[in-house]
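Just so it is clear, the model here is predicted, and its values are computed rather than measured.
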Amino acid sequence: MPDHVLEEAYEEGYYRATDTGDASRGAVGYEDYLQNAQLRIRGFDQRLSELERFVSPPGRVLDFGCAVGLFVRAAQDRGWRAVGYDRSQWAARYGRDMLGVTIECGALPKFEDSSFDLVTLWDCIEHLPNPRAVLAQARQWLRPGGWLALNTVNSSSLGARLAGRAWRHIAPPFHLHLFSTASLRALLTQEGFAVAHAQCEGVVLRAEKDSDHAGGIRAVADDLLCHWRLRPLATALNLRDEQCLVAQRRS
């Protein structure tokens, strides 16, 4: 994928629909990513609270592919020394100016080796031209025994298989890689990580494009299947079309 295509794809029109944005991005971008910013920050706060079972706070965290830096802000508010990285000039500028967070942008940043306790990639790895290279770099940035947390698509799930070619995560040029549970685990293992925790996220019956807000029996059934109390069952049966993994850097 040419660099200029990716650079243009993640400007303001991706994060909120604008008259000047590419209309084709609406189906895979956000109508308004910032409209629910506080809700997203609370969600990231909860996610970080769960991660603190693995890595003791406060530490130093890098959010790779941080968008406007909402996770960076949540981590900062919890006392972490937090920095983000994103390829979008618009998103990085917004985060610095409006959220008061530190975001590196442009070429791959040159952080010191073994300088982070935690590296996160939220909804990111599927967008990367070379996920393996980024995971290898993340391992270098992590201290020995440091932690990596990420979430991404789950192409082996029941939801993805039911949706077929209409699966909502088939979305070039944004989603460049589609991971199964097995392929993601294999990639992490090959790049020097040991998976400590995995869980299902996303949806099952509403995994087709443009069906996230569909009503009726299917929506009710999906809400039941995705209830947090059924998370262990959904993970065991590989139902939902996204996945979240926590892994530790091996020595």
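The closest donor-acceptor contact from the side chain of N154 to the backbone of C200 lies at 3.5 Å or more, if one exists at all. Although no hydrogens or angles enter the test, the distance criterion places no donor-acceptor pair under 3.5 Å between the side chain of R185 and the main chain of L245.
Using modelled atom types and a 3.5 Å distance limit, the side chains of E126 and T152 yield a donor-acceptor pair.
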For L121 and L128: C-alpha separation, side-chain torsions, deciding distance, then whether side chain to side chain contact (heavy atoms under 4.5 Å, CB included) applies.
CA-CA 11 Å; L121 296 95; L128 300 174; 4.2 Å; yes
Checking D223 against R206 for the side chain to side chain contact (heavy atoms under 4.5 Å, CB included) test, could you report, in this order, the C-alpha distance in whole Å, the side-chain angles of both residues, the deciding distance, and whether it holds?
CA-CA 10 Å; D223 288 342; R206 289 179 289 176; 2.9 Å; yes
Criterion side chain to side chain contact (heavy atoms under 4.5 Å, CB included) on F64 and Q137, from CA distance to verdict
CA-CA 11 Å; F64 192 97; Q137 185 63 74; over 6 Å; no
Do E52 and W80 pass the side chain to side chain contact (heavy atoms under 4.5 Å, CB included) test, and can you show the C-alpha distance, the side-chain angles, and the key distance before you say yes or no?
CA-CA 11 Å; E52 288 172 358; W80 286 75; 2.9 Å; yes
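Looking at every heavy atom in both residues, L148 comes nearest to A138 through CD1-CB, 4.3 Å. Across all their heavy atoms, I103 and C66 have their closest contact at CG2-SG, 3.7 Å. Listed here is the closest heavy atom pair of E112 and W141: O-CD1, 3.8 Å. When all heavy atoms are compared, the tightest approach of V153 to Q243 is O-NE2, 2.8 Å. Scanning all heavy atoms of the two residues, the minimum distance from N238 to T181 falls at OD1-CG2, 3.7 Å. Smallest separation of non-hydrogen atoms from D123 and N151: N-OD1, 2.6 Å.
The distance from the CD atom of E104 to the OG1 atom of T102 is 7.5 Å, given to the nearest 0.5 Å. Note that the CG atom of L118 and the CG atom of L48 stand 7.0 Å from one another [nearest 0.5 Å]. Between atom CG of residue L184 and atom OG1 of residue T189 there is a gap of 9.0 Å, rounded to the nearest 0.5 Å.
With a 4.5 Å cut-off on side-chain heavy atoms, R93 and C105 do not count as touching. Considering only heavy atoms from C-beta on, I170 comes within 4.5 Å of K209 through its side chain. Taking 4.5 Å as the limit, every side-chain heavy atom of V72 sits out of range of all side-chain heavy atoms of L99. Looking only at side-chain heavy atoms (C-beta outward), W147 and L51 stay at 4.5 Å or farther from each other. R231 is listed as a side-chain neighbour of T235, based on a closest heavy-atom distance under 4.5 Å. Proximity of Y14 to S88: side-chain heavy atoms (C-beta onward) are nowhere separated by under 4.5 Å. In this structure, R42 and Q38 have side chains that are in contact, with non-hydrogen atoms separated by less than 4.5 Å.
Partners of A136 by side chain to side chain contact (heavy atoms under 4.5 Å, CB included), not counting sequence neighbours, listed by chain and number: E191. Residues forming a side chain to side chain contact (heavy atoms under 4.5 Å, CB included) with S155 (at least two apart in sequence, or on another chain): W167, L178, S180. By the side chain to side chain contact (heavy atoms under 4.5 Å, CB included) test, L34 is found to be paired with R16, D32, V68, W90, Y94, residues two or more places apart in sequence or in another chain being considered.
Exactly one residue among H169, H177, H175 makes a ring pair (Phe, Tyr, Trp, His ring centres under 6.0 Å) with H127. That residue is H175.
The hydrophobic cluster containing L70 also contains Y15, counting ILVMFWY residues as joined when their side-chain heavy atoms lie under 4.5 angstrom apart, directly or transitively. The hydrophobic clustering, which links ILVMFWY residues whose side-chain heavy atoms are closer than 4.5 Å, places F71 and L150 apart. Residues W122 and I125 are members of separate hydrophobic clusters, defined by side-chain heavy-atom contacts under 4.5 angstrom among Ile, Leu, Val, Met, Phe, Trp and Tyr.
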Can you give the donor-acceptor pairs under 3.5 Å from side chains of residues 53-62 to other protein atoms, not counting sequence neighbours?
unit_1 : atom_1 : unit_2 : atom_2 : d
R53    : NE     : E50    : O      : 3.2
R60    : NH1    : S115   : O      : 3.3
R60    : NH1    : S115   : OG     : 3.3

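Residue pairs that meet the side chain to side chain donor-acceptor pair (under 3.5 Å) test with at least one member in residues 67-77, sequence neighbours left out, are R73-D77. Sorted by first and then second residue, the salt bridge (charged side-chain N to carboxylate O under 4.0 Å, His left out) pairs with a member in residues 236-251 read R168-D241, R168-E242; sequence neighbours excluded.
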